[in-house]
Amino acid sequence: AARRASVRAVGPGAGEVRFREVRLTGIRQGDGIAGELATDGPETRLAWEVSLREPFDFRLQGPFSIGELSNGRPADEKRHISARGSTRITGALGALDRARGTVRIDSVTYREGGWELTGRNLTAAMDAEGVRWEEGTLMAAGSPVRISGKASWSGEIDARIDGTLPAGLVRLAVPGVFEKLDGIVTAEVR
């Protein structure tokens, strides 16, 4: 007999991200479980599979949406996040270095304290070495920002950032260090 399960939550959220509804369904299939994670407000549909045997192989794929922004600027100074894209990832829960696949972000917007960071057609690829930035365009306060590089599964980062950034982004990356930093910073960081 097949074992099925479903969970529905109305109005859940985590941090800055809120959903009108989240539904998680699953069915036992042999040595694993397969199902779908679906959200409304914003809409997401991710198919998933997890093996119930070590190292717990998994697959995650489909379109996703996080957050919602109006077309105009928000009237407040609070943090606002919106992202839309798709993913196709396989791997093992017990071994990150086995993760393979891509995450494509069609559009992302991050607004806080009067400045904005946006991105279009961003792609990151995962392989045995780690996560590698492949392509895309980022704009910070209306100026292009170029990013290249990779992060290994052991935590080593080899990346380069070139462009003009709002100083507030430094506060975001290193909270508590530059609390009163403001303005625009031109950076070339490796």
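Just so it is clear, the structure is predicted and the values come from calculations on it, not from any experiment.
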Exercise for review: Output yes when a side-chain donor or acceptor of W133 lies under 3.5 Å from a complementary backbone atom of A151, and no otherwise.
Suggested key: no
**Study point:** R8 atom CZ: more than 12 heavy-atom contacts under 6.0 Å
**Key:** no
Point to revise | Gap separating the CG atom of D57 from the CG atom of D31, nearest 0.5 angstrom | key: 11.0 Å
Exercise for review: List the atom of L122, the atom of G136, and the distance in Å for their closest heavy-atom pair.
Suggested key: CD2-CA, 3.6 Å
Review point. Can you tell if the side chain of E49 reaches within under 4.5 Å of the side chain of T90, non-hydrogen atoms only?
Key: no
**Study point:** Flag side-chain contact, heavy atom, 4.5 Å: F19 against P42
**Key:** yes
Exercise for review: Is it possible for you to say whether M139 and I81 belong to one hydrophobic cluster, with membership spreading through side-chain heavy-atom contacts below 4.5 Å?
Suggested key: no
Review point. Which is it for V22 and T39 under the side chain to side chain contact (heavy atoms under 4.5 Å, CB included) test, yes or no, and what are the steps along the way?
Key: CA-CA 4 Å; V22 174; T39 67; 3.8 Å; yes
Check your understanding: Between A128 and W153, which heavy-atom pair has the shortest distance, and what is it?
Key -> O-CD1, 3.3 Å
Review point. So, R28 side chain and G30 main chain: donor-acceptor pair closer than 3.5 Å or not?
Key: yes
Practice item. Quick one: closest heavy-atom pair of A140 and V145, and the distance? Key: CB-CG2, 3.7 Å
Point to revise | Min side-chain heavy-atom separation L24-W48 under 4.5 Å | key: yes
Review point. Once you round to the nearest 0.5 Å, how far does CG of L138 lie from OG of S143?
Key: 12.0 Å
Practice item. Quick one: pull up CD in E54 and CG in L93 and give me the separation to the nearest 0.5 Å. Key: 10.5 Å
**Study point:** Test side chain to side chain contact (heavy atoms under 4.5 Å, CB included) applied to E43 and R20, step by step
**Key:** CA-CA 9 Å; E43 186 174 330; R20 274 192 302 270; over 6 Å; no
Review point. CD of E134: more than 12 outside heavy atoms within 6.0 angstrom?
Key: yes
Check your understanding: Going from CG on L117 to CZ on R111, what distance comes out if it is rounded to the nearest 0.5 angstrom?
Key -> 11.5 Å
Exercise for review: List the steps and the verdict of side chain to side chain contact (heavy atoms under 4.5 Å, CB included) for R3 and I33.
Suggested key: CA-CA 9 Å; R3 294 183 196 143; I33 301 173; over 6 Å; no
Revision key, fill the gap. The reported gap from CD in E36 to CG in L46 (rounded to nearest 0.5 angstrom) is 8.0 Å
Practice item. Go through the side-chain N and O atoms of R104 and T123 and say whether any donor and acceptor fall under 3.5 Å apart. Key: yes
Check your understanding: Do the non-hydrogen side-chain atoms of R98 and M126 ever get within less than 4.5 Å of each other?
Key -> no
Point to revise | Gap separating the OG1 atom of T25 from the CZ atom of R4, nearest 0.5 angstrom | key: 9.5 Å
**Study point:** Donor-acceptor contact present, side-chain T44 to main-chain S65, <3.5 Å
**Key:** yes
Check your understanding: Looking only at heavy atoms, what is the nearest atom pair of A9 and P12, with distance?
Key -> O-CD, 3.7 Å
Check your understanding: Sub-3.5 Å donor-acceptor pair from the side chain of T87 to the main-chain atoms of T102, do we have one?
Key -> yes
